[in-house]
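The structure under discussion appears below in the form of structure tokens.
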Amino acid sequence: MPISALIITLDDRFEHAERGSEHVLGQLAAREYLELGAVSGRRVPAVADTPSSEAGHALVAQLQQMPGVLQVDVLSIYFDDER
Amino acid sequence: MERRVFLKRAAMGAATAAAASSTQASQAAPPVEAGVEWHKAPCRFCGTGCHVQVGVKEQRVVAIAGDQLAEVNRGLLCVKGYHVGLALYGKDRLTRPLLREKGEYKSIPWDEAIDRIAERVLHEPRGFAMYGSGQWTIPEGYAAQKFIKAGLANNHIDPNARLCMASAVTGYLSTYGVDEPAGCYDDLDRCDVCILWGNNPAEMHPVLFSRLIDRRTRGEKVMLVDIGTRTTRSTGFADHHLLFKPNTDLAIANCISQQLIARGTYDQEFVAKFCNFRADSDPPELNGKAIDFEEFKRQVSRYTPEYVSELSGIPVRQLQLLGDLFSDRNLRITSLWCMGMNQHTRGTAINTLVHGVHLLSGHFGRPGDAPTSLTGQPSACGTVREVGTLAHALPGGLLLANDEHRKLAEGLWNLPPGRLQKAAGHHTVEMWKRFCTPAAAGGDIHTIWVQVTNPGQTLPNSNALFAPSRKLPEKFLIVSDVYPTATTRNADLILPSAMWVEKNGMTGNSERRTQQWFKMVPPPGQARDDAWQVIAVARKLHDRGFAGMRDKDGQFLFSIRRDGKEVPIWDYAHYYDVNVDEHLFEEYRKFTRFKHKDLAPYAEYVKARGLRWPVVQQPDGSWRETKFRFAGFDDPYVSPGAKIDFYHSTTHDGRAQIWFRPYEPPPESPDEQYPFWLCTGRVLEHWHSGTMTQRIPQLHNAMPGAYVELNGEDAKRVGIRSGDRVRLETRRGALELAAWVGGRGEPAVGHVFVPFFDERVPINELTLDAYDPFSKQPDYKKCAVRVHKV
């Protein structure tokens with residue numbers, strides 16, 4: 001059950017301008033396995049606590065595709081608990 | 001604490017620190033060195049509007065760094081930008097007013113210089129003109145405009161930007177009803193395809209070009225299509241190079257429209273909702289006449305790829321490629337152009353046609369889908385186009401010919417009704433023609449005051465438009481500049497000017513971004529701000545009882561009060577007692593709401609690396625810029641609920657105009673006597689007429705002199721090799737210069753190219769002064785020349 005430190009960079013480009021970053025943050029906050037930290041500019045620190053590495057990879061891939069998200073950077077993964 | 005909780009908190013701590021530190025890294029200050037203070041400013045050179053950090057020590061500019069906080073350039077500069085600080089320190093800066101008497105220049109005090117200018121005005125105010133510049137700061141241009149239009153009431157003020165972007169203006173006006181691009185530089189970050197229409201941004205707007213091409217290094221697919229008459233450094237990055245015969249760009253644009261209609265791939269919904277169709281009227285007027293879609297379809301129908309291939313020399317498959325690209329709504333297409341389309345005797349036409357292709361195909365209104373004219377000067381947009389330092393214009397996009405607009409301006413300037421004249425003043429070519437014509441023969445301009453530009457080197461056909469005035473004793477040429485130039489050497493009165501960070505300033509770049517800086521270092525000797533020079537003359541006239549320099553309440557036109565008392569800003573010792581720039585800007589700003597070109601308060605520009613207008617105040621008091629005009633998702637002036645709204649539509653129905661205009665050949669083409677095409681332009685290392693960059697050793701050494709660029713086949717045929725001395729001759733003039741074959745660019749067979757930066761190679765003695773009928777902009781890109789080895 002790896003724990004990943006992420007930085008999610010929000011996309012302020014047009015498709016999302018009408019909704020604003022609040023909407024995107026709301027969607028992120030509602031994601032399972034994901035906890036958000038204090039936003040810094042367009043960067044959102046987050047922690048993903050997923051049942052497996054595969055689930056962690058899938059979560060990052062889904063976040064990358066999310067409207068309103070420009071980029072997801074993985075800073076670190078703690079995977080000691082994985083067998 | 002459980003271990004997992006600890007790990008999660010540690011992960012969040014790391015992510016939070018990284019998010020905050022990466023944000024702070026982008027705000028990092030330039031390197032710290034003892035005694036060096038850093039301040040922001042836009043670069044002095046081109047219309048890109050890169051921001052620099054200027055390092056100042058002991059009242060000198062000692063360093064330049066790219067400004068990482070700037071959205072335009074993100075810390076990057078081009079070779080000129082990195083050396084911009086050196087532009088202030090050429091050995092021969094003008095430092096004293098100089099009056100020519102009996103062929104010699106003698107130094108005179110400023111008071112006498114100001115008196116002399118006032119005398120020239122009083123001689124006949126209607127014959128006193130100003131020739132200004134897209135390098136004027138916004139406050140400078142505003143002061144000059146108010147001086148001439150409100151003060152002298154003669155409208156004879158026109159800028160050198162008439163020679164570089166006037167056709168872009170008329171193109172925007174006749175398409176959208178209002179000037180300047182709808183999009184911005186963000187389009188370059190989003191487009192899938194970028195089409196260059198006769199421009200060479202790799203050399204002319206290198207930072208913008210890098211922004212586009214760098215996307216490829218990140219794995220993005222960006223197609224570049226280079227449509228031009230020569231091979232340039234930009235071509236080297238292009239996926240497709242379409243080499244066309246001069247003037248056939250008109251046919252190429254029509255060919256794209258023809259294909260969109262023939263294939264049924266034009267955006268029917270976009271056209272039905274947001275566009276009308278126009279064609280030229282008889283007699284010709286800027287807004288032409290209405291036609292319907294069927295008429296438009298009929299007119300473009302003959303511009304098939306086969307026909308246009310015959311006309312232009314471009315292979316059919318390449319023309320079909322353009323049709324393919326514009327037919328694909330999944331692609332985002334940005335068209336970029338500059339002098340190739342604007343310095344064109346059919347410049348208004350080609351501008352409207354390229355806008356029309358984007359409108360017809362629906363490639364408009366999304367980031368990345370944009371037709372955008374770039375400008376060459378740092379404030380051709382901010383000063384000339386927005387402040388309105390053109391012979392027919394008023395600030396904020398208002399027009400002298402419009403009775404309501406004049407009334408508005410008279411109200412804002414507190415002028416007596418009727419002070420502003422309806423008739424346009426002389427545009428650039430006409431102004432200089434009349435200055436070169438004896439008064440007895442109708443030459444009604446007796447004095448031209450030139451500021452921040454070099455017409456002696458840059459006017460087309462200068463043997464006709466500049467030189468003759470110097471033989472007419474009744475004509476008087478005043479030049480405010482920073483260095484000796486081809487113009488100052490012919491001046492009757494030379495005034496030394498402060499330059500760039502030697503004064504407060506504001507400029508507006510190609511993407512509607514208004515930028516500000518504060519004075520950082522003193523100007524040399526007795527050099528003074530151009531705006532001060534105008535205000536000082538205005539005050540002299542006021543003191544001598546010239547009614548034009550008073551408003552309707554008898555107040556001085558440039559009055560600034562502090563604590564109820566007038567500040568004597570016309571006395572240079574007191575010019576910086578207040579921020580004159582701020583006062584002029586806040587007065588000018590009131591004009592900008594009328595055409596939705598809203599500017600924020602001066603203080604907002606002090607804080608920002610520029611803001612793109614319209615800048616609109618939000619409920620929380622903050623100021624929000626607009627990146628994409630006419631698009632509902634971003635432009636606050638779009639009607640609620642509308643996806644697109646051309647709210648200044650010339651047909652008053654929220655629609656833009658798609659024009660049909662036919663191909664026409666250029667006014668002068670090669671023939672037996674003059675068998676080559678001559679094109680002129682610029683190079684990376686030098687900016688405009690080279691008066692600043694030629695004095696920067698690194699730039700001068702990189703490109704020491706002008707040359708004539710020939711195609712290899714032509715060179716072989718006429719027996720010319722690189723370095724050979726060559727004579728160029730047109731119907732207007734001749735000169736000799738060195739040839740460069742196989743250099744950084746190559747003209748098409750039958751063409752030659754000469755850059756205009758070198759005063760020793762006055763190529764504009766050879767160029768044509770024919771101009772576009774609407775914009776009055778001359779064509780520097782095509783005339784007939786003969787070439788001989790000396």
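Atom CD of B:Glu269 has 12 or fewer heavy atoms from other residues, nucleotides or ligands within 6.0 Å. For B:Arg216, the CZ atom is densely surrounded, since the number of other residues' heavy atoms within 6.0 Å is greater than 12.
For A:Ile8, no part lies under 4.5 angstrom from a heavy atom of chain B. Looking at A:Leu75, the atoms closer than 4.5 Å to chain B (heavy atoms on both sides) all sit in the side chain, from C-beta outward.
To the nearest 0.5 Å, atoms CD1 (A:Ile3) and CE (B:Met12) are separated by 11.0 Å.
Checked against ring-ring contact (aromatic ring centres under 6.0 Å, His included), B:Phe209 has the following partners two or more places apart in sequence or in another chain: B:Phe237. A:Asp73 pairs by the side-chain hydrogen bond (donor to acceptor under 3.5 Å, both in side chains) definition with A:Gln71, not counting sequence neighbours.
Residue with the most contacts toward chain B among A:Ala5, A:Ala48, A:Ser4: A:Ala5 (heavy-atom pairs, distance under 4.5 Å).
For the pair B:Arg4/A:Asp49, a side-chain contact is recorded, criterion being any heavy-atom separation below 4.5 Å from C-beta on.
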